[in-house]
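Throughout, a chain's letter reflects where its sequence line sits, starting with A, and its residues are numbered from 1. Basis for what follows: all heavy atoms, side chains included, without hydrogens, waters or symmetry-related copies.
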Number of protein chains: 2
Amino acid sequence: MASQRGEGETTTTPAEPADRERARAIPEAAVARLAVYLRVLSGMADQGVTAVSSEELSQAAGVNAAKLRKDLSYIGSYGTRGVGYDVEVLVSHIERILGLTRNHSVAVVGIGNLGHALANYGGFPGRGFPVTALFDVDADLVGIPVGGIPVNHIDDITAVCLEREVSIGVIATPPPAAQSVCDRLVSAGVQCILNFAPVVLQVPDNVEVRKVDLAVEMQILSFHVARRADEAASVSAGIGPAGNNGLGVDGMVIRP
Amino acid sequence: MASQRGEGETTTTPAEPADRERARAIPEAAVARLAVYLRVLSGMADQGVTAVSSEELSQAAGVNAAKLRKDLSYIGSYGTRGVGYDVEVLVSHIERILGLTRNHSVAVVGIGNLGHALANYGGFPGRGFPVTALFDVDADLVGIPVGGIPVNHIDDITAVCLEREVSIGVIATPPPAAQSVCDRLVSAGVQCILNFAPVVLQVPDNVEVRKVDLAVEMQILSFHVARRADEAASVSAGIGPAGNNGLGVDGMVIRP
DNA sequence: TCGACTTTGTGCATCCGTTCACAAGCGGTA
DNA sequence: TACCGCTTGTGAACGGATGCACAAAGTCGA
Ligand SMILES: NC(=O)c1ccc[n+]([C@@H]2O[C@H](COP(=O)([O-])OP(=O)(O)OC[C@H]3O[C@@H](n4cnc5c(N)ncnc54)[C@H](O)[C@@H]3O)[C@@H](O)[C@H]2O)c1
Ligand SMILES: NC(=O)c1ccc[n+]([C@@H]2O[C@H](COP(=O)([O-])OP(=O)(O)OC[C@H]3O[C@@H](n4cnc5c(N)ncnc54)[C@H](O)[C@@H]3O)[C@@H](O)[C@H]2O)c1
């Protein structure tokens, strides 16, 4: 039922600083996991699952059960001992902590290979991150709609970002342009930036930057390959490549 | 220097530990930063810079100088006290530790929006990660070259991966297909996977998975916005640092 | 050759995050 | 109602990463 526990939610709650204070104390790593739990829980909810134990959820999310419980404890105690967690309740609390109760308008800058993919991606709007503006410096692109949104010229970035209340700026330009684009976004009041360009951005303290660096990811994988090769070498001999040792596909399945 | 090492490292090989042993001891977080240092150093080398101090390099990489020196110490002592580091020397040692002395063949699975962008991206081959195979289940795509490489059918994945010695598999398929694609890659002997699908993959112990989840990144940004808003709210009653009122372009933005 | 100066490399204290282990709390059952 | 088994929530131990501070080690100029 939707109306359970009369969680009026209208912040008319007993002005507990506890909630607000709590948010500050959540470790960054835990925040990232909460986002994963949220996705898993949403999937469960869609399949009609109403309750889940920390053991089940932790397996579905690929983490240790104790860690999951600790993560959830950062946002409060919403489980029932002996039973588990109510999926919907957990979803709504995680959404609240992650600030997903309101939409976050996204702007993509640099509509090249990657920018096109991002603009066309349908996964963001549904999760509260509508892409509302696209920018590029290329005159041939300006005016053309991509993913339903017309590309604006980079010079209009301030006006458009303010008008559409952009809160997250995504940088998908070539590396040399990234810092300049970043500065423009910051000037336009954008305080969150997701950067795909392999460049270290300099920003004021009040701006949050996260980077996605595929080359770095691959190099980390490369490191592990090398390490593994070394280990194998020092132990010599080896176990066969083992096509499918154990581990099957499955994983757990729906349970209505 | 081999002056003093911590105590036993639980190694099975008592002789000539040197770099091989060292690699195992490098913290994961440091490995990620080494990749960033490498990129910065490569850029410096291209511009003719031959020497650099920990202070300069750390600033360019956006980290603390002490942390940078500690990171470098994990791979050995290649600096010169009173002077700094030789750029080329550092580059070659980092490349060696990251296993970049040999190429790592990459296969991309799922040639949709994202797959196209990845296949067309020119930044990988130059860094030792040549994309040598593309796969999709869509018959209309099979045979068509993308970024110069013809798309293969997913059913040929084992044969093609073995033939081209693919060492990294990139998953860019819709979420429902991700686990199955992952299993196929593993069966084909691929031990490193970079996953873009918002799904938790189940893999054997000998396979390394890294994920890139844009929705999670955005939610982390959202969390910080919310946290910042809370802080502002709890202080709003009175003190307002500086003379600007939140919204809009605040006064700063200076950047050297 | 020598001494002053610069910068590295690292021991150590600290902090943050992970894991363990178990008491507390709850639903179900007799 | 009283008991029993299950699962949560968390105190505490642990381990890894971070940052500081400084001795060691080298360069450079006189
Ligand atoms: N394509 C990928 O798969 C991929 C992978 C990893 C990293 N990246 C990084 O993402 C970024 C974009 O990659 P891409 O392949 O889409 O490049 P791209 O060259 O296809 O597109 C870049 C776009 O940015 C535009 N642009 C250039 N300067 C601009 C400016 N000052 N303001 C606004 N727009 C500007 C260009 O007109 C172009 O449309 C690059 O930094 C690249 O290194 C891309
Ligand atoms: N496009 C983005 O910017 C973006 C952003 C974040 C996450 N993602 C994720 O990346 C993945 C790909 O996104 P997209 O926008 O490119 O999707 P898309 O639908 O454009 O492309 C998916 C491609 O995978 C192919 N495919 C489907 N099943 C397959 C199978 N079993 N084997 C091989 N190929 C198969 C399809 O034929 C299609 O060409 C999705 O999981 C998406 O959630 C994409």
Side-chain angles (χ1 to χ4, degrees), chain A residues 5 18-19 21-37 41 49-87 89-90 93-94 97 220, chain B residues 1-10 19 22-37 41 49-87 89-90 93-94 97 220 223:
Chain A
R5 296 291 270 339
D19 232 35
E21 290 302 321
R22 236 192 270 273
R24 188 170 323 177
I26 304 179
E28 183 89 4
V31 173
R33 287 191 297 270
L34 283 170
V36 173
Y37 305 153
L41 286 165
V49 178
T50 60
V52 67
S53 69
S54 63
E55 186 60 39
E56 295 170 305
L57 182 53
S58 70
Q59 287 209 352
V63 304
N64 173 304
K67 192 191 289 186
L68 177 131
R69 288 201 299 276
K70 172 85 63 178
D71 287 344
L72 292 182
S73 78
Y74 290 130
I75 67 174
S77 302
Y78 304 113
T80 304
R81 296 176 189 223
V83 176
Y85 301 88
D86 180 289
V87 174
V89 169
L90 221 43
H93 283 291
I94 295 178
I97 291 291
I220 293 173
Chain B
M1 298 313 186
S3 52
Q4 77 246 321
R5 310 198 25 147
E7 61 296 303
E9 204 89 72
T10 66
D19 331 319
R22 238 194 267 272
R24 187 175 320 183
I26 304 180
E28 183 89 6
V31 174
R33 286 191 297 268
L34 282 171
V36 173
Y37 304 153
L41 286 165
V49 178
T50 60
V52 66
S53 71
S54 63
E55 186 60 38
E56 295 169 305
L57 183 53
S58 70
Q59 286 207 353
V63 305
N64 173 304
K67 193 191 292 186
L68 175 133
R69 288 200 298 274
K70 180 142 306 209
D71 287 344
L72 293 182
S73 78
Y74 290 130
I75 67 174
S77 301
Y78 304 112
T80 303
R81 296 177 189 224
V83 176
Y85 301 88
D86 180 287
V87 174
V89 169
L90 221 43
H93 280 111
I94 295 177
I97 290 290
I220 294 172
F223 168 78

> Rounded to whole angstroms, how far apart are CG on D71(B) and P on dG9(C)?
Replying inline: 12 Å
>> Whether Y85(B) contacts dG9(C) is assessed here as follows: a side-chain N or O lying under 4.0 Å from the phosphate OP1 or OP2. Is that the case?
In response: yes
>> How many whole angstroms separate atom CZ of R69(B) from atom P of dA23(D)?
In response: 15 Å
> Out of dT8(C), dA17(D), dG9(D), which nucleotide sits closest to the side chain of P27(B)?
Replying inline: dA17(D)
> Hey, what do you get for NE2 (H93(B)) to OG (S77(B)), rounding to the nearest 0.5 Å?
Replying inline: 10.5 Å
>> So if I define the base as every atom that isn't primed, P, OP1 or OP2, how would nucleotides 25-30 of chain C read as a B/S/- string at a heavy-atom cutoff under 4.0 Å?
In response: BBS---
> Expressed in angstrom and rounded to an integer, what is the separation of L72(B) atom CG from dT18(D) atom P?
Replying inline: 14 Å
> Roughly how far, to the nearest 0.5 Å, is the CG atom of L68(A) from the CG atom of L57(A)?
Replying inline: 4.5 Å
> Closest approach of I220(A) and A32(B), non-hydrogen atoms and distance?
Replying inline: CD1-CB, 3.8 Å
>> Nearest whole Å is fine: how far is dT10(C) P from L68(B) CG?
In response: 14 Å
Shorter than 3.5 Å, N or O on both sides, protein versus nucleotides 1-5 of chain C: list them out with atom names.
none

> So do the side chains of I94(B) and Y37(B) get within less than 4.5 Å of each other, counting heavy atoms only?
Replying inline: yes
>> Tell me the interatomic distance from K67(B), atom NZ, to dC15(C), atom P, rounded to whole angstroms.
In response: 16 Å
Pairs under 3.5 angstrom, nitrogen or oxygen only, protein versus nucleotides 11-14 of chain D, please.
unit_1  : atom_1 : unit_2 : atom_2 : d
dG11(D) : O6     : K70(A) : NZ     : 3.4
dA12(D) : N6     : K70(A) : NZ     : 3.3

> Which value, rounded to the nearest 0.5 Å, describes the distance between L90(A) atom CG and L72(A) atom CG?
Replying inline: 5.0 Å
> Is the shortest side-chain N/O distance from N64(B) to OP1 or OP2 of dC20(D) below 4.0 Å?
Replying inline: yes
>> For V83(A), give me all partners under side-chain contact (heavy atoms from CB on, under 4.5 Å), at least two apart in sequence or on another chain.
In response: T80(A)
>> Listing request: all salt bridge (Lys or Arg N to Asp or Glu O under 4.0 Å) pairs with a residue in residues 50-69 of chain B, at least two apart in sequence or in separate chains.
In response: none
>> Please enumerate all residues that pass side-chain contact (heavy atoms from CB on, under 4.5 Å) together with A30(B), with sequence neighbours excluded.
In response: I26(B), P27(B), R33(B), D71(B), Y74(B)
> Counting just side-chain N and O atoms, does Y74(B) come under 4.0 Å of either OP1 or OP2 of dG16(D)?
Replying inline: no
> Rounding to a whole Å, what distance do you find between I26(B):CD1 and dA17(D):P?
Replying inline: 11 Å
> Can you tell me how far P of dT19(C) sits from CD of E55(A), to the nearest Å?
Replying inline: 14 Å
>> Just verifying a value: how many Å separate Q59(A) CD and S53(A) OG, rounded to the nearest 0.5 Å?
In response: 8.5 Å
>> Rounded to whole Å, how long is the line connecting atom CD of E28(A) with atom P of dC15(C)?
In response: 19 Å
> How far apart are the closest heavy atoms of S54(B) and A65(B), and which atoms are they?
Replying inline: O-CB, 4.2 Å
>> With a 4.0 Å cutoff (strictly under), does any side-chain N or O of S54(A) reach OP1 or OP2 of dT8(D)?
In response: yes
